[in-house]
Amino acid sequence: MTSVHSLRNRADRPRLLLIYPATHKLGWVGWFQLPSLSLQQVAAVVPPSWEVTLLDELQEEVTFDTTYDLVGITAMSHQATRGYEIAERFRSQGIPVVMGGIHPSVLPHEALTHADSVVVGEAEPVMAQLLEDCLNGCLKPIYRSSFPDNDLLTIPWPRRELLAGKRYLTTQTVQASRGCPYDCPFCTVTPYFGRSFRYRAPDDILAELRSFRGRLTIFLDDNILGDPERAKPILKGMVGMGLKWGGQANLRFAEDPELVRLVAASGCIGIFVGIETATGSFANLPKNSGGSSAAELIRRVRDAGIVLEASLIFGFDDHDESIFDRTLAFLDDCSPGVATFNVLTPYPGTELFRQFEAEGRLLHRDWRRYDHSQVVFRPKLMTPERLYRGWLEVRQEVYRWPAIFSRVLSSPKGRFTTLAYNLLRRGGNLSAAELALLAEKTVPI
Ligand code: B12
């Protein structure tokens, strides 16, 4: 373990550096990124006796400055390897490192081979003790926070002032809830949060929203409309605030036309919906929807003036090569404002990971490639190469200019937002390197 210098009796404030590792360079799309809410929430529970700096590697270089007393690193799976590299550099200079976030929480013992400490779960319940231990030179390897068994989320507001001088699409990102009422086998959220689905008190959220100066606001909840009865007071309070917001939800909310109208009236301009598969074999498609198909629900949201981003995954066990054409036909039928495509990825901690591991279908554990854009497992009904190629081809097809204009024109309202959203997705979707791969007709896995 790194030698932790005792910091007691120092005249100046101890310094904490919080890092969001980057795995790739972004072009102009980089200007439309969101800041890490994870690190702003961690910073919010650091006592004022500490000085905190946020570093987003997507925007700035890590300088490996030795004046910090503790370095904290967050990581999704694809960021873990880069996070470990950064951790090791700091530790080699005698600076202790704590890691947190979804990947270290799921694989704490792996993370501990690169860091001094790991926070398993949320920072709020354990951060004060961790910092106290750091000052006393006795960091523990694991700080495990347990989730309360009530459904109220009590967290401080994130420290947005730490983002001063940085450029993002918006710094008005906010969380109204944590967790999700569903438990899809490919998703990390419910294994991580358990079945607890907690909302903040509406008054607290509305007060935070009223403190905003700009209009564009993004809810980073897993499923902001997951419990409509708890979402409604928030939405009603937002009517008339003048915010334009986006978020993520399950399509089931659209089964209630009244709720769709309220969501639009509250200022929602875009909603990201996990459709997952056009074959309808997973839980995210609406059940008991009173006869409405997913396509009808998508159209209902679109007609309310909300840009619906339909997220689809390729590679489920019932997907053969026909899934690509079937998905294109599905999208033609319901014409969501924008569509986004992912390669099925068995993230550690999920049921899917356990299944593929047991069946010997994981191709490797190179976490850098666990990012929904590469094939890391052996699909059941096609080769990994075919899956990758199909994913590239569908994206190329969906982001052709005529297809984009058709989606824009079929949106009765919010055409400018639909166009902007499509341009952004097109920019992020079709890299020159990927198009070259398609042209070469060979796809490396
Ligand atoms: C917002 C979000 C994003 C944003 C991130 C913006 C940003 N700059 O952070 C965007 C849209 C960019 C994004 C992208 C992706 N995402 Co995402 N995202 C989320 C989401 C919905 C919320 C994350 C969040 O901010 N939560 C709010 C904060 C406050 O909570 P938190 O992260 O849990 O942090 C707490 C603790 O974990 C802990 N903690 C976290 N970090 C640290 C660090 C330290 C030092 C300490 C002490 C504690 C600590 O303390 C925090 C406060 O309690 C999560 C789902 C989820 N619930 O985690 C998925 C999630 C993290 N994303 C996921 C994925 C897969 C992706 C993509 C790879 C998918 C894709 N292809 O589009 C991309 C990657 C893009 C890229 N190349 O970087 C997966 C990760 C799975 C995994 N094992 O890696 C998740 C879990 C979704 C899921 N359903 O499985 N994502």
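One-based numbering, in listed order, for ligands and for the atoms of each. Heavy atoms only: backbone and side chains are in, while hydrogens, waters and symmetry mates are out.
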Any nitrogen or oxygen of [X] lying under 3.5 Å from a nitrogen or oxygen in ligand 1? Just yes or no.
X    : value
Y347 : no
S38  : yes
T188 : yes

Is [X] atom [atom1] crowded by more than 12 heavy atoms from other residues, nucleotides or ligands, each under 6.0 Å away?
X    : atom1 : value
R354 : CZ    : yes
E161 : CD    : yes
K166 : NZ    : yes
R386 : CZ    : yes
K232 : NZ    : yes

Ignoring hydrogens, tell whether any protein atom lies closer than 4.0 Å to [atom]; use the non-hydrogen atoms only.
atom                    : value
atom 38 (C) of ligand 1 : yes
atom 41 (N) of ligand 1 : yes
atom 70 (C) of ligand 1 : yes
atom 85 (C) of ligand 1 : no
atom 27 (C) of ligand 1 : yes
atom 12 (C) of ligand 1 : no
atom 18 (N) of ligand 1 : no
atom 61 (C) of ligand 1 : yes

- Return the orientation label for the Y370 and F353 ring planes: parallel under 30°, perpendicular over 60°, tilted otherwise.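 Y370 vs F353 ring planes: tilted.
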Residue and atom name of the nearest protein heavy atom (relative to [atom]), distance in Å to one decimal:
atom                    : answer
atom 72 (O) of ligand 1 : N342 OD1, 4.2 Å
atom 87 (C) of ligand 1 : V189 CG2, 4.5 Å
atom 89 (N) of ligand 1 : C187 SG, 3.0 Å
atom 48 (C) of ligand 1 : V42 CG2, 3.6 Å
atom 53 (O) of ligand 1 : E124 OE1, 2.6 Å
atom 83 (N) of ligand 1 : S77 OG, 2.9 Å
atom 77 (N) of ligand 1 : H24 CE1, 3.1 Å

Is a side-chain donor-acceptor pair under 3.5 Å present for [Y] with [X]?
X    : Y    : answer
W157 : D204 : yes
D56  : S36  : no
T418 : R407 : no
H103 : E110 : yes
T63  : D65  : no
D133 : Y143 : yes

With a cut-off of 4.0 Å, which atoms of ligand 1 are near a heavy atom of [X]?
X    : result
A123 : 38 (C), 48 (C), 50 (O), 52 (C), 53 (O)
D371 : 68 (C), 71 (N)
V119 : 47 (C)
I102 : 82 (C), 83 (N), 84 (O), 86 (C)
L34  : 7 (C), 8 (N)
G101 : 37 (O), 39 (N), 40 (C), 41 (N), 42 (C), 49 (C)
G121 : 36 (C), 37 (O), 38 (C)
V98  : 45 (C)

Give a yes/no verdict on whether any heavy atom in [X] is under 4.0 Å from an atom of ligand 1.
X    : value
Y192 : yes
G349 : no
H103 : no
Y20  : yes

Can you tell which part of [X] has a heavy atom less than 4.0 Å from ligand 1: side chain, backbone, both or neither?
X    : value
D222 : side chain
S105 : neither
I73  : backbone
M76  : both

- Query: Within 45° of the axis and under 6.0 Å from the centre of the six-membered ring of F377, does NZ or CZ of R361 qualify?
  - Reply: no
- Message: Would R389 and E393 count as a salt bridge (charged side-chain N to carboxylate O under 4.0 Å, His left out) here? Give the steps.
- Response: CA-CA 6 Å; R389 166 169 288 280; E393 284 168 350; 3.2 Å; yes
Look at [atom] and find which of [options] reaches it with the closest heavy atom.
atom                    : options               : answer
atom 76 (C) of ligand 1 : H78, R178, Q33        : H78
atom 1 (C) of ligand 1  : V45, L220, T340, V120 : L220
atom 29 (C) of ligand 1 : E122, Q40, Q41        : Q41

- Item | Passing candidate, ring-ring contact (aromatic ring centres under 6.0 Å, His included) with H372, options Y347, F186, Y388 | Y347
- Message: Any side-chain to backbone donor/acceptor pair from N150 onto L152? Under 3.5 Å, distance only.
- Response: yes
- Q175 (side chain) donor-acceptor with D221 (main chain) under 3.5 angstrom: no
- Query: Under 6.0 Å between the ring centres of Y199 and F197?
  - Reply: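 Yes, the ring of Y199 comes within the 6.0 Å limit of the ring of F197, centre to centre.
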- Query: Taking the six-membered ring where the residue is Trp, are the ring centres of F90 and F64 under 6.0 Å apart?
  - Reply: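 Yes, close enough.
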- Message: Are the side chains of V343 and I313 in contact, using a 4.5 Å heavy-atom criterion?
- Response: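 In short, these two side chains do not touch, never coming nearer than 4.5 Å.
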- Task: With Q40 as reference, evaluate V52, L163, T171 under the side chain to side chain contact (heavy atoms under 4.5 Å, CB included) test and give the passing residue.
- Result: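 Going through the options one by one, the only one that passes is L163.
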